[in-house]
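Note that the structure is predicted; figures quoted are calculated from it, not measured.
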Number of protein chains: 2
Amino acid sequence: MRVLVIEDETKVGSFIKRALEEESYAVDLCEDGAQGLDMALSGSYDLIMIDLMLPSLPGLEVLARLRKEKIQTPVLILTAQSKVDQRVKGLDAGADDYLTKPFAIDELLARVRALLRRGPAESPGIFQIDDLVLNPATREVTRGGQRIDLTVKEYALLEYFMRHTGRVLTRPMISDHVWNQDFDTFTNVIDVYVNYLRNKIDRGRARKLIHTIRGSGYMLKVD
Amino acid sequence: MRVLVIEDETKVGSFIKRALEEESYAVDLCEDGAQGLDMALSGSYDLIMIDLMLPSLPGLEVLARLRKEKIQTPVLILTAQSKVDQRVKGLDAGADDYLTKPFAIDELLARVRALLRRGPAESPGIFQIDDLVLNPATREVTRGGQRIDLTVKEYALLEYFMRHTGRVLTRPMISDHVWNQDFDTFTNVIDVYVNYLRNKIDRGRARKLIHTIRGSGYMLKVD
DNA sequence: TCTTCTCTATGCGTGTGCTCGTCATTGAAG
DNA sequence: CTTCAATGACGAGCACACGCATAGAGAAGA
């Protein structure tokens, strides 16, 4: 899951970035409204977080243009003012949720999870395929009841796979959602990480779940 | 446990702040009603204390708006008048308890403990994991029956851990609940204090309780 | 003054993320 | 069936960030 944070206060921004990264999100941080809009328009993000007070372009304007371009990515508004009309304006402009600063990081994370949960599939809080279970709330993964320890990146990759079970995932799709902006296209990192995952999830099991679609990408499914 | 105190009399306010800090609470003090409301809305607090006589925005109003925004944090009302109707109004507006000034500090602390005990988990007064026991009422900690002396900060950290056993606690989450507002994100204080706790709690024991989740944070659990 | 506590600063070891090179597999053409 | 090119699998190894430990500065209180 990739998140764009448009926030001009460096301190707040990097605090949020770090918190999200510890929760295994890929995070791009942008301190300028106009530039942030450009990035948001790429459509690579699963969630966009916008501060209302921005230099160069106010947050509400960013949001409005985004919606005008038919980008339906969930948007979470950050605002210093708790004034009710500000919030109403934000929600009217197409925000999905708002949060007033200062906020508790737990609260931010909870809302992020909530926004991502109401995905296209209207999915529940837990993902399961065969005897493989992933719980995003606790970031716990088990197979056949047995706990599996994953690194942050491995977890991010697996979560992406499990959110798109039975679909072919191309390498560009994977890098777009699991890695952040400064991903280098000309490497085989993805292959390497898929291999790591295989070792921890499929190695020694009767039914393999991770399948290679030669010439296209990978797919998570039961045969 | 983090507490917000909204009290315009500087002397009373800092007296309360100090008393609470000695009991290992993280305390933010605010002398203005409107600003206090903003802070309270962040959801960062485990308890909020409001004086009824405030400049800019009366205490009852702060409380009412808080409840309107669905913030369910326990609220303790401070009031100079002991008039019955005042109290009734306060409780009607959604306060959980009240205290008339002047009050004995012991009484204040007792009520704070009582309010925090009825947490979201409907928790008992005592926390236990393996042979480690923590009693918030006496702030006494033992492991295997043996008393363990902790400093104020160490205790606050351990209490936070024990209230969230078995869950991964990220550094931002920890700083949000154990340190107060002016916490500096870019230091390793948390690591240092976890290390202190390890020395006093896990050092030399067969079963370790504090575990590092690399890239994420820490977790308190039995293996 | 001396002690206690909180926090800063720094050096060090190690796991993670990643690169690279080589080997295995696949599928198509001869 | 053999050959060959394209594609992917995977082990080895490197660099760096992360977390640990420890020393000491600074503040507050006895």
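- Taking the six-membered ring for Trp and thresholds of 30 and 60 degrees, A:F161 and A:Y218 have ring planes more than 60 degrees apart, a perpendicular arrangement.
- Note: CD1 (B:I190) to P (D:dC20) measures 12 Å, nearest angstrom.
- Residue order along DNA chain C, read from the 5' end via each residue's closest nucleotide, puts B:E154 first among A:E154 and B:E154.
- Note: NZ (A:K208) to P (D:dA9) measures 13 Å, nearest angstrom.
- As rounded to whole Å, 16 Å separates atom C1' of D:dA21 from atom CG of B:D202.
- Near DNA chain C, meaning a heavy atom under 4.0 Å away, the residues from residues 173-187 of chain B are B:W179, B:T187.
- For B:R139, the salt bridge (charged side-chain N to carboxylate O under 4.0 Å, His left out) partners two or more places apart in sequence, or in a different chain, are B:E23.
- Sequence order on DNA chain C of the closest nucleotides to B:V152 and A:T151 puts B:V152 first from the 5' end.
- Residues B:I6 and B:M39 have side chains not in contact (no heavy-atom distance under 4.5 Å, counting atoms from C-beta outward).
- Residue B:L157 contributes atom CG, which lies 16 Å from atom P of C:dC5 at whole-angstrom precision.
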Which letter, B, S or -, goes with each nucleotide of nucleotides 10-19 of chain D from 5' to 3', with contact meaning a protein heavy atom under 4.0 Å?
-> B-------BS
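- Of the possible polar contacts, one joining the B:D202 side chain to the B:I210 backbone as a donor-acceptor pair under 3.5 Å is found.
- Side-chain atoms of B:D28 and B:Y45 include a donor-acceptor pair closer than 3.5 Å.
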Derivation and outcome, side chain to side chain contact (heavy atoms under 4.5 Å, CB included), residues B:M162 and B:L220 = CA-CA 7 Å; B:M162 295 205 70; B:L220 191 71; 3.7 Å; yes
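- One interatomic measurement links the two molecules: OH of B:Y193 to P of D:dC20, which rounds to 16 Å at whole-angstrom precision.
- Below 30°, between 30° and 60°, or above 60°: for B:Y160 and B:H177 the angle between ring planes is below 30°, a parallel geometry.
- Looking at A:L109, A:L108, A:I105 one by one, the single match for side-chain contact (heavy atoms from CB on, under 4.5 Å) with B:P172 turns out to be A:I105.
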